[in-house]
Amino acid sequence: MKTLDVTSAGGTYPVYVGRGILKDPEALAKYLPFGKRKVLVVTDDGVPSDYTRAVLSVCPEGEIVTLPAGEGTKSLSSFELLLSRMLDAGFTRSSAVCAVGGGVVGDLSGFAAACYMRGIDFYNLPTTMLSMVDSSVGGKTAIDFHGTKNTVGAFYPPRAVLIDCDVLKTLPARQMSAGLAEAVKMALTSGATFFSLFENETLPAWEEIVLRSVAIKAKIVGEDEKEAGLRKLLNFGHTLGHAIEAAEGLSGLLHGECVALGMLPMCSPAVRKRLLPILDRLGLPTAFPKDTDRMFSYLTYDKKRAGDKISAVFVDEVGKGYLRDTTIDALCERVTEYLASTEGETK
């Protein structure tokens, strides 16, 4: 078991990374100190039931809520459902919420924990590569609203994050690839040596990828929890990626696939030349949806927009992302230039 600490305004919380934790009741009881508290265990119907049963074994006052898998679950109606279940079950400020699933479950559960009685303990057990390397760490919680991504939410750090890399064995290949896009994002903006590992024919062990990604995110979040500056680097690929995701109707392409596409126009030609083979090897898309006008229209909802400016992330050199204010028109032009430069080459 490896432990990485993440600093937040409310104190430091641990991220535990290891293997076989969900099959070890003693370890679970140690890392999830629920005691006799009421615990709402939130999962989705794509997560093996063994995982939630393991969590219930260490919280006798726990109850499970199983939601439909998919981005559509990150909604006001699901948020209301979780609050209603806690209220009806007599949850108090000493109770807790525990997410067992991917980024959708984690974001939704964390937001419910942040709001119920002005905040109760939240624990996160990510079960996808994407949530392990990114969304489970840093305290961002949210739901989608009126077709836009993460527009209603709060910064609310978990009490602890528990990552069992063995669960990745059951993850579909496409979900794995989508999650690795977020790890590549970390490497492009903040870890040149890490990025070089993706250029090898053989990828490093999942545990190493998770540890390196979490270490990068923990360092950045520790310096800028509320995204005043440095943390915005973690949005690399997301300005365009969220617009693609929204234009696709929050379905079709996975979040990580949209981020992969969103990174490409924001790279220098030299970086893009190194990135494209990696995306191909990971089975990630490199061709934008045909309806780019619809995608462009969603850029106006970007949370980093101020007036007619958007604070966007660019990478001209591997491992050295930087922020620059730009306009929506300039971003659209950048996409158009990328499409023209790669016509017939991407897939």
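What you see is a predicted model, and the numbers here were worked out from it, not measured in a lab.
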So [Y] and [X], do their side chains get closer than 4.5 Å, heavy atoms only?
X	Y	result
D316	V271	no
S75	I143	no
V221	T7	no
V41	E63	no
P277	D280	no
N235	E227	yes
M266	Y338	no
V105	L67	no

Measure the [atom1]-[atom2] distance between [X] and [Y] for me, rounded to the nearest 0.5 Å.
X	Y	atom1	atom2	answer
S341	L339	OG	CG	7.5 Å
K219	L230	NZ	CG	7.0 Å
N200	R281	CG	CZ	8.0 Å
L282	L203	CG	CG	6.0 Å
H255	K74	NE2	NZ	7.5 Å
L284	L261	CG	CG	8.5 Å

Exercise for the section: Using distance alone, with no hydrogens and no angle criterion, decide if E182 and H238 have a side-chain donor and acceptor under 3.5 Å apart. Expected result: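 E182 vs H238: donor-acceptor pair found between side chains.
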
Handout entry: Flag for Y156-S8: side-chain donor and acceptor within less than 3.5 Å
Key = no

Practice task
Check the pair V210 / M129 against side chain to side chain contact (heavy atoms under 4.5 Å, CB included), numbers first and verdict last.
Solution key: CA-CA 8 Å; V210 171; M129 176 60 81; 4.0 Å; yes

Short question: side chain of [X], backbone of [Y] - any donor-acceptor pair under 3.5 Å?
X	Y	value
D45	A69	yes
R272	L264	yes
S190	A187	no
D107	A142	no
T148	T151	no
D44	P68	no
T326	I310	no
D164	L22	yes
S136	S131	yes
S196	T193	yes

Is [Y] reachable from [X] through a run of I, L, V, M, F, W or Y residues, each pair having side-chain heavy atoms under 4.5 Å apart?
X	Y	answer
L130	M132	no
V55	F91	no
L83	V39	no
F155	V97	no
F314	L276	yes

Practice task
Take Y31 and T3 through the test side-chain hydrogen bond (donor to acceptor under 3.5 Å, both in side chains) and record every step on the way to the result.
Solution key: CA-CA 11 Å; Y31 299 120; T3 304; over 6 Å; no

Shortest non-hydrogen contact from [X] toward [Y]:
X	Y	value
P126	V161	CD-CG1, 3.9 Å
A183	I209	CB-CG2, 3.8 Å
E225	A9	OE1-N, 2.6 Å
N124	G106	ND2-CA, 4.1 Å
C267	L275	SG-CD2, 4.0 Å
Y13	R159	CB-O, 3.4 Å

Charged N to carboxylate O below 4.0 Å: is that the case for [X] and [Y]?
X	Y	value
E71	K149	yes
K23	D166	no
R174	E257	yes
E317	K320	yes
R231	E223	no
E61	R37	no
K309	D325	no
K30	E26	no

Practice task
Could you go through the side chain to side chain contact (heavy atoms under 4.5 Å, CB included) check for V65 and T43 one step at a time?
Solution key: CA-CA 6 Å; V65 175; T43 188; over 6 Å; no

Problem - Test ring-ring contact (aromatic ring centres under 6.0 Å, His included) applied to F198 - qualifying residues, sequence neighbours left out - result: F194

Problem - Of all pairs that satisfy ring-ring contact (aromatic ring centres under 6.0 Å, His included), the ones with a partner from residues 97-151, not counting sequence neighbours - result: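 Listed by first then second residue: F34-Y123, F79-F111.
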
Practice task
Could you go through the side chain to side chain contact (heavy atoms under 4.5 Å, CB included) check for L197 and E208 one step at a time?
Solution key: CA-CA 10 Å; L197 296 180; E208 182 177 357; 3.7 Å; yes

Practice task
Start with the C-alpha gap between M186 and L234, add the side-chain angles, then the distance that decides, and say whether side chain to side chain contact (heavy atoms under 4.5 Å, CB included) holds.
Solution key: CA-CA 7 Å; M186 300 282 191; L234 299 175; 3.6 Å; yes

